[in-house]
Amino acid sequence: MAEEESGDAIRPEFPTGRVKKIMKLDKDIEKVNSEALFLVSCATELFLKLLAEKSAEVAAEKKRKTVKLEHIRIAVKRHRSISDFLLDSLPLPPQPSDAPAKDENRTRTVVDKVVPEGTRRIDDFFRRPAKTTSAENNES
C-alpha cells in the first residue's frame, strides 16, 4: 500500500498485451482479468530472473562469460521443481561432432514427446506464420 501512496506502482516489464495474447492461446480462457494478467506477468519475470541467475552461476562455474543452452539445461536439472515441467521443453543438446551435419535452414524438433490434445509448444507461438497463397485467400 505504501508504494501506491508514493506513486511508485509496481509495473511488469513484459508488455501486458503480449502476455494476454499468450494466455488466451488456451482455448479454455475467454477473458483475462487485469489482476490475473498482472500476477502472471510478475510471476513470469520472477521465474525468468531465477532461471537467468542460476544459468549464469553454472556458466561462471564452467569459467564461461556467455550463458549457453547447456548451462540452462544444467541449471534446470539442478532444481527439481523447475525441471519437472521445463526440461522437456528445452531443445536437445547439440549432436557430437562425429555425427553427420544437419541442414542449417531446417528447424529441429525439440522433443518427440506426445503432448495432450489442444496443447501447443511455446516455440510454436514464436514461429512466424506460414505465408498463405492467393488461392488460399480466395477460398476463405
Side-chain angles (χ1 to χ4, degrees):
M1 296 271 176
E3 291 173 354
E4 291 176 9
E5 293 171 4
S6 68
D8 293 336
I10 298 173
R11 293 191 50 204
E13 295 290 324
F14 293 122
T16 54
R18 178 65 59 95
V19 174
K20 187 174 186 177
K21 187 176 181 181
I22 293 171
M23 290 173 69
K24 289 181 119 187
L25 287 174
D26 185 347
K27 305 257 187 280
D28 295 336
I29 297 176
E30 293 178 18
K31 293 184 179 181
V32 178
N33 183 325
S34 62
E35 288 86 6
L37 182 61
F38 175 77
L39 288 174
V40 168
S41 296
C42 289
T44 304
E45 285 180 36
L46 290 172
F47 171 74
L48 288 176
K49 182 178 179 182
L50 173 77
L51 186 60
E53 288 172 353
K54 298 301 179 185
S55 300
E57 287 174 11
V58 172
E61 288 172 10
K62 304 264 185 193
K63 296 183 171 67
R64 301 284 184 232
K65 292 182 181 180
T66 305
V67 175
K68 296 184 177 183
L69 175 60
E70 65 184 80
H71 303 137
I72 297 171
R73 289 185 68 81
I74 293 169
V76 168
K77 284 181 183 178
R78 287 183 182 174
H79 297 335
R80 180 150 181 101
S81 59
I82 296 173
S83 70
D84 287 344
F85 81 97
L86 186 60
L87 196 56
D88 291 339
S89 300
L90 289 174
L92 295 172
Q95 299 296 325
S97 60
D98 59 329
K102 287 187 173 183
D103 182 12
E104 295 296 324
N105 295 331
R106 203 177 89 195
T107 58
R108 115 181 122 183
T109 307
V110 177
V111 176
D112 294 333
K113 182 177 179 181
V114 177
V115 294
E117 188 172 329
T119 306
R120 292 175 50 189
R121 295 188 56 84
I122 189 71
D123 45 342
D124 291 339
F125 179 77
F126 293 104
R127 282 197 189 109
R128 292 180 187 236
K131 293 183 180 180
T132 58
T133 62
S134 58
E136 289 175 347
N137 290 336
N138 292 340
E139 291 175 6
S140 299

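Both backbone and side-chain heavy atoms feed into the values below; hydrogens, waters and symmetry mates do not.
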Distance (rounded to the nearest 0.5 Å) between [X] [atom1] and [Y] [atom2]:
X	Y	atom1	atom2	answer
K68	T66	NZ	OG1	6.5 Å
R18	S41	CZ	OG	12.5 Å
R11	E45	CZ	CD	11.0 Å
M23	T44	CE	OG1	8.5 Å
E30	D28	CD	CG	9.0 Å
K54	I82	NZ	CD1	8.5 Å

Is there a donor-acceptor pair under 3.5 Å between the side chain of R64 and the backbone N or O of A56?
-> no
Looking only at atom types and distance, does a side-chain atom of S55 sit under 3.5 Å from a main-chain N or O of A52, one as donor and one as acceptor?
-> no
Are side-chain heavy atoms of [X] and [Y] found at a separation under 4.5 Å?
X	Y	value
E61	I74	no
L48	F14	yes
L86	L51	yes
L90	V76	yes

Shortest non-hydrogen contact from F85 toward S89 | O-OG, 4.0 Å
Indicate the atoms forming the closest heavy-atom contact of V67 with A59, along with that distance.
-> CG2-CB, 4.0 Å
List the steps and the verdict of side chain to side chain contact (heavy atoms under 4.5 Å, CB included) for V58 and I72.
-> CA-CA 8 Å; V58 172; I72 297 171; over 6 Å; no
